[in-house]
Structures are given as structure tokens and as C-alpha cells.
Amino acid sequence: MNKIAQVFQSLDYGPAPEGPDQANAWLDSHGRKFGHFIDGTWTKPGKTFASDNPANGEKLADITEGTTEDVNTAVKAARAAFKPWSALSGYERGKYLYAIARAIQKHSRLFAVLETMDNGKPIRESRDVDIPLVARHFYHHAGWAQHLSREFPDAVPYGVCGQIIPWNFPLLMLAWKIAPALAAGNTVILKPAEFTSLTALLFAEICERAGLPKGVVNIVTGQGETGQAIVSHDGIDKIAFTGSTEVGKAIRAATAGTGKGLSLELGGKSPYIVFEDADIDSAIEGLVDAIWFNQGQVCCAGSRLLVQESIETRFIAKLKTRMASLRVGDPLDKSIDIGALVAPVQVERIRDLMKRGVAEGAVVYEADGPVPAKGCFLKPALVTNVSPANTLVAEEIFGPVLVAMSFRTPEEAVALANNTKYGLAATIWSENINLALDIAPKIKAGVVWINGTNNFDAAVGFGGYKESGFGREGGREGMSAYLKPAWEKELKAAPAAKPAPAKAENPLDSGHLDQTAKMYIGGKQSRPDSAYNRAVLDPKGQTIGEVGEGNRKDIRNAVEAARAALSWSTTAAHTRAQILYFLAENLDYRRDEFAARIKGQTGEDGTNEVALSVERLFAFAGWADKYDGAVHNPPLRAVAAAMVEPLGVMGIVAPPSRPLLGSIALIAPALAMGNTVVLVPSAQSPLSITDLYQVIETSDVPNGVINIVTGDSVTLAKTLAEHDGVDGLWFAGSAEASAMVEKASITNLKQTWTSRGLYYDLADRRFEGDYFLSKATQVKNVWIPYGA
Ligand code: NDP
């Protein structure tokens, strides 16, 4: 029998290797030794480390370890380039992005092969997914550059951006960061991951050849210390990071109080939910893609299979059959499904985690089949017999390991799906579109794929909830992450607040008992847990009343009440608007009394402040049903619904000035968007807010939606910042306390806004719109395929 006939008999795969010659030739042209790319030129290589091919252990090149001086030089170059680059018209900048996109397409095979050699991912993936998406990103952002001034009229670029990326999608992560930054008019210093710097260096050469002005893109290679030098550099205006949650938290702490912009795209443990009415064969194929794409080294990998109990046995059996046909081997072979992991240390890390999981009772299944003896290869694994507490269920493995659990009801599926500190992505399989669209909003994740998985596009935002980070990449949200309001640079320091007395001089001679305002928690007035009160003084220093001295326990109770009231977020926007209008109406009804109270506390006529507060409530009532999402048309048969969702429970610490408006201007946008609130009013002049209880009660605000804790702003802000039940925190106060709030918020990576000691004139109409609305919300993109 001849060879062809034999192949027809067995239907075995033959080898289909992609040639490495051109990639090797490019490496040789650089002598396999690289310096940095700074100010449009290549620096002389310094102290180097080796970059190896993880599939065979062979050294590909020596890469320079970036020093603090290297980072300084790059920042200087990026700073010098910023002014002329940002002054170019959007059209001019767009043309450069377009030229880069074209060049990437032209050299796409070279990029794909080099990426596969450096990272170990199958050539099929780098060729068909990574590199086409890279080009798409530059094309898409060429358009944003041109339309920027029309679409973001009051925005300016940050300046110099420091960008730190991981090794799992080396060139794609570079594109996600560099394309929008450049479109917005920023200049960049990008540090690729130590294991995978080569395509970033090839990209630098593309920039050089495209004639990109010197210093606009700087690539500084190195390890964690180089990243640290970027993060802590005073000359950098914004940090964009993708990587582990642990390093993300360290970066949040390091940038606290610096005023640097920050976006974090961190880890995940994403659920892959299969309902009993799913198209099982499709769901199996989707699952292969969800967990074994890029050897599972994907932040949004569908690594937790949740399958409905009624189909569990059948589904797992089919999955095992499919696993047996996955081919592990040389990543440059075009018929390989699973390539090499990025480095030996990653293989060890995964093996250790699996040992721990097995010791805790997990059962691991791996199909028979060959695995290369040399190189960083692991077989795809399925883990069963686990509970949510098992290490393999709780920890991000970042490898080809799927954990499987079952559920009975949709409610149970949602509870299991959300039982994680992460919130990056989720997949839902069901032929019942009503069910799928009912579940999608209930899952706390930035991306939800229905009957599909791992769809990405430049027009659709990507990013996480909870400890998966904040900020989006792609789409309109991704663009706005590289822009800031033009007026921010004009902000002046806030005037010093009059010191608030901790307690009355003699606690016994403060006001009449009836004048002591209580806290407002869960719709009820409650006494402070501390059983202490604090005096409220008029401008002459006379005691005019007392409020409770709030403590940790009061905050805990208030957060609990706010969490219990979260059905507010799914109350119709129309209803939320009606309630805010009603609140405004009832406040207006008592305007004279509230104006007099302001005068009593501040000595100033409060008439205008009350009128502005009423108007602000009206403004955000008007926004409640208008500030919503979009439907994107990515280039595949799907739509992506960008849904605007509230953060959840928000802590709001009002500024000392403007006792009424200072609180109303902040809680109104939060409430309009469906957040519930724990409000700490002005410490000096809290009575305008404690007077509000009756207004709240007569305005149909559900219990627990607004909770009020009086006391020392900084102490209570710290407690709110450290509380894991708080999803977002706004703090108006000193620069020092703002830094404390940002640092303390790292426990659950809550989103923060702080005034950093600057004076935000909340009476200004610029605060009547999307400035606070965008900070009170996060966008979830739900991908919905179509076509019969
Ligand atoms: P890291 O978060 O450590 O690395 C990401 C990037 O940050 C790399 O460029 C790294 O440099 C750099 N870096 C490391 N430490 C610091 C620091 N202190 N300050 C600034 N930059 C720093 O991820 P790892 O590569 O170590 O991977 C560890 C785990 O993280 C993975 O197993 C996985 O669980 C998770 N991960 C998640 C990713 C995601 O997309 N969400 C991506 C990658 C990893 P260098 O590479 O030189 O150390």
C-alpha cells in the first residue's frame, strides 16, 4: 500500500511544521542580543538574561535587564516626544497607527512564528488569533485618533504612560495598551514580560520603519524590578498593568496618593456554565477553547466548569472523549492543539497546585496520548470531586487544568459562579435565550459570553469586576482610560476646613437631648455603637447640636444594610428616577428650613445651596434612565451588549464644605445608577444631612439604599476602604487621607475616587453629568451570537 493509501486507512495526522527560518534570520540580524528601544534608537545591550524557547529549551536571544537609569532615559524621551505628538491632529496620529497596522499585517507570519517560538503557544493560535487581533486593534484605534476631539471634546491625554504586560499574549497585550494610548496622544514606555520580549522588540523595529516620531514608543525590557522602576517613576502620568492580582495590588499601593492614572487587568477564575438544554457538542467545543486555548494561560480562561446535574455524567463522558483527541506537541506544528507552557517555573507551579488539590481530595483525569519528553509540556487535565474550598477551585491555576462542579438550579449556578474573589469573565451555554439573558446580568464579571467563548474585539471593552481589576481595554471605555478631563489641571488646593471638635469640651453641657441626631441605617434611626456623641458648632464655636460618633461597628451595620438593599440595582431606572425626583420635591418643600440649617452651621446664606441640591437631584433623576450602554458590532456573527452596571455598595465621604450639596452631589449619581450608599456627611456640618432622614423617609427610598454614619471623616473612610463589602469608595478630603484611602482599598481592589486635597467645586455643572456617572458604574459586555 502506498503512503497516501495508508494515511487514508489510519487518518493519522502527519507533521505540518511551520518554518522558523525567517524568525531566526531576524534574530540573527540583531546578533541575538538586544538593548532597549528608547527615543527611536537601540541602546547597547547591558546586563542581559536569556530568552528561551519553552518547547525545546533552546536559547533564542539575550535580552537587556532594564535599570533605573534606562527607565529614566526612556521617561525623558517620552516626555520630550509628548508635546509634539499630542499636538498632532488626530488624523496625523491615526495615519501612524494605520501604518503600523498595515506593517503588522504584512509581516504577520514573522510575528506569529516568533511569538510561538518565544511563548510556546500553538502556531495556529498566534497566526489565527493573536496577530490578526493585534492588527485589528491598530486599525480600530487609528479611527479613534481621528474622531477623538469630536467624541471626547473636553478630554486630554495623560502624558507619559508606563505599561507593563505579561507573557501570555505578548504582542496582543502590547497592542491593547499601545494603540489606545497613542491614539489619545500619550507617549509610552512599555515593559514586556521577561519570558516574552521578542515580539515587542520586533514591534519596535516596525515603529522605526513606519517613521513613528522618536520617543513616542519606548520599549524597556527587564524583570519585575524594571516594572517597579516604571511604577514608581515621578515622570510617569499613568500606569496600565496586566498581570497577576498580587502584583496589581502592589501597584495600587505604590501609586496611592500620586495622582497617577491606573488601570489594572488582573487574574480570573471564570465560570463556564452549561445548562441542561445546551447544545452539548457545541458546549464541549467551546470548553476546549475556554480552558485549553493557550494552554490555559489566559486570564479569562473558563477554568471552572459548572454543569447542570441532570446532564453531568453525559457531559463529562463526552468531554473525556474529546480530551483524548487533543494533540500536545511542537507548537510550530500546525496540527497541534496544545503547545508548551511559557517556562519551567510555570510547569512547576501548576504541578504544585495540583498536588495540593489532590491532597485535598480532588480527582485528576488526563487522557492517554503522547507528550514530548523535552520542553514545558503538560497534558490537559480535568479535575472532579472538588468543593468550592479546594485549592484548585479557589486559585487561578493559569494552566491546562479544568475543575468541574455541578449545580441543580439557575440560582445555584449564579451563586457558585459568583463565589470567587475574581470577576473577569463568564460563559453561559443554553438554547433558552431567556434563561441566558436572565443569568448574564447576575454574574459579577466584566465579560459574559453566551453560547461562545473567548471572543475579543477592539470595539468591545474587556476588563474585570472585583479583584480582576478595573478599567477597560478596547471600545469607548478603553479609549477613555487614556484620557482625563482637560479642567483637572486647573484645580486648586481645597481651603483648610475648620477643625471639627472630637467631642464637646464638657460632654455634659452640649445641647438638649432632643438635638442629638442619630445615625440612619437600614431605614431606621439608630444610636451610635460607641455611645459617644460629637458636638456640632456654629462659626462662633457655640454648640448647636450633636451627632453620633460613628465607629467600625456602625459602618459594618450600614454596609450590611446597603448590601441587603442591592435589589435597588435591578429596580427599573424609571422607578429610581421617580424616587430621586420625589426626594428633590420633598427637599424643595422644606427649602427654608434647610437653608436656615446651612446658615446655622456655616454662617452663610444657604438658599442657593438648597436650590442647587434640588436641581442636582433633578439632574441625576433625569440621567437614571439615560446613561446606559451600547450595542457593538464586532466582526463576527455576534453582537456585544455593553451594559452599564452599578458598582454595588458605595462608600461616600463628603467634603467638609457645603454641608448639603457636598453630599447630594455625590450620592445622587451613585443612587441614579443603582448603587446603594453608605454616606459619611461633612464632619464639621453634618446636621444638613441628619435633617434629611424625614425627607428620605417620605420619598419612598427603600430601606438600606441610603445609610448615614456621622463622625470623623478620615477614621470612617479608612474603615470603609478596608471593608470587603464595599465595592467603590469616593472620598473628598486631604491629599494625605486620599493616599490612605487608595492604599487601604487594595484588600478587595475597590474602585476609588479621591479629591487629593484639591477643591472640586461641586456646584459646578460639569459635575452634573458623566464625570461621576462613569465613576459610579462599570461596563459589562455580553456577547450574543446570532445565526441559525
Ligand atoms: P506578574 O504579575 O508577576 O507579571 C506581569 C508583569 O509585571 C511582568 O511584566 C512582570 O515582569 C511585571 N512585574 C512583576 N513584578 C512587578 C512589580 N512588583 N512591579 C511592576 N511590575 C512587575 O505575573 P507572572 O508573570 O509572574 O505570573 C504569575 C501568575 O500571575 C500567573 O501564573 C497567573 O496566575 C497570573 N497572571 C495573570 C495574567 C493575566 O492576564 N491576568 C497574566 C500573567 C500572569 P516579569 O515578567 O519580568 O517578572
Side-chain angles (χ1 to χ4, degrees), residues 494 496-508 510-511 513 515-538 541 543-562 597 600-602 649-660 662-664 666-667 670 676-693 696 704 706-723 725-726 729-734 736-738 740-741 744-745 752 754-755:
K498 63 172 184 180
K503 277 173 221 149
E505 300 254 306
N506 178 345
L508 297 180
S510 52
L513 194 65
Q515 287 174 297
T516 303
K518 300 195 179 87
M519 314 270 174
Y520 188 67
I521 295 175
K524 289 198 192 90
Q525 297 196 28
S526 53
R527 292 181 196 286
D529 170 74
S530 68
Y532 283 120
N533 297 312
R534 58 194 282 132
V536 181
L537 309 182
D538 70 6
T543 301
I544 52 170
E546 282 189 301
V547 292
E549 185 74 70
N551 68 8
R552 301 185 82 80
K553 182 79 180 357
D554 299 309
I555 292 285
R556 273 210 299 274
N557 292 343
V559 172
E560 216 167 278
R597 183 59 110 178
Q601 294 172 107
T602 65
V649 172
M650 288 187 61
I652 294 182
V653 182
S657 60
R658 298 193 198 271
L660 183 64
S663 286
I664 296 285
L666 298 179
I667 65 168
T676 59
V677 165
V678 176
L679 170 67
V680 178
S682 161
Q684 288 77 5
S685 314
L687 299 178
S688 296
I689 295 302
T690 56
D691 286 353
L692 208 61
Y693 300 165
I696 296 172
I706 305 175
N707 305 278
I708 295 160
V709 179
T710 51
D712 180 66
S713 302
V714 176
T715 312
L716 297 177
K718 183 159 190 291
T719 308
L720 282 166
E722 288 167 348
H723 198 305
V726 177
L729 178 55
W730 293 352
F731 173 81
S734 71
E736 199 189 3
S738 296
M740 174 278 290
V741 162
S745 73
T752 57
T754 61
S755 70

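Quick caveat: nothing in here was measured; it's all calculated off a predicted structure.
Contact detail for Pro656 and Ser685: the closest heavy-atom pair is O-OG, 4.5 Å. For Ser713 against Ala683, the heavy-atom pair with the smallest separation is OG-CB, 3.5 Å. In plain terms, the two heavy atoms of Ser755 and Ala732 that are nearest each other are OG-CA, 3.4 Å. Between Pro686 and Pro681, the shortest heavy-atom distance links the atoms CB-CG, 4.2 Å. Taking all atoms of both residues into account, the shortest heavy-atom contact from Asn533 to Gly548 is OD1-CA, 3.6 Å.
Rounding to the nearest 0.5 angstrom, the gap separating the CE atom in Met650 from the CD1 atom in Ile667 is 11.0 Å. The structure places NZ of Lys518 at 14.0 Å from CD1 of Ile708, a figure rounded to the nearest 0.5 Å. If you take CD1 on Ile544 and CG on Leu537, they are separated by 7.5 Å, rounding to the nearest 0.5 Å. In this structure, CZ in Arg556 is found 9.0 Å from OG1 in Thr719, a value given to the nearest 0.5 Å. Distance CG/Leu692 to CZ/Arg597: 12.0 Å, rounded to 0.5 Å. Atom OG of residue Ser682 and atom CZ of residue Arg658 lie 12.5 Å apart, to the nearest 0.5 angstrom.
Remark: Thr676 engages Ala562, Ala565, Leu566, Trp568, Val649, Val705 in a side chain to side chain contact (heavy atoms under 4.5 Å, CB included) (not counting sequence neighbours). Under the side-chain hydrogen bond (donor to acceptor under 3.5 Å, both in side chains) criterion, Thr715 pairs with Asp712, not counting sequence neighbours. With sequence neighbours excluded, the residues satisfying side chain to side chain contact (heavy atoms under 4.5 Å, CB included) with Leu716 are Ile555, Val680, Val709. The salt bridge (Lys or Arg N to Asp or Glu O under 4.0 Å) search around Lys718 returns Glu722, not counting sequence neighbours. Shown here are the side chain to side chain contact (heavy atoms under 4.5 Å, CB included) partners of Thr754, two or more places apart in sequence or in another chain: Phe731, Ser738, Val741, Glu742, Arg756.
Side-chain atoms of Pro659 and Thr602, non-hydrogen and from C-beta on, do get closer than 4.5 Å to each other. Counting heavy atoms from C-beta outward, Leu720 and Val559 have side chains that approach closer than 4.5 Å.
Of the possible polar contacts, none joining the Thr752 side chain to the Leu729 backbone as a donor-acceptor pair under 3.5 Å is found. The backbone N or O of Leu687 sits less than 3.5 Å from a side-chain atom of Gln601, completing a donor-acceptor pair. A donor-acceptor pair under 3.5 Å is absent between the side-chain atoms of Asn557 and the main chain of Asp554, judged by distance alone.
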Please list every donor-acceptor pair under 3.5 Å in which a side-chain atom of residues 520-530 meets a protein atom from a residue at least two apart or in another chain.
residue, atom, partner, partner atom, Å
Asp529, OD2, Asn551, ND2, 2.9
Ser530, OG, Tyr532, N, 3.0
Ser530, OG, Glu549, O, 2.9

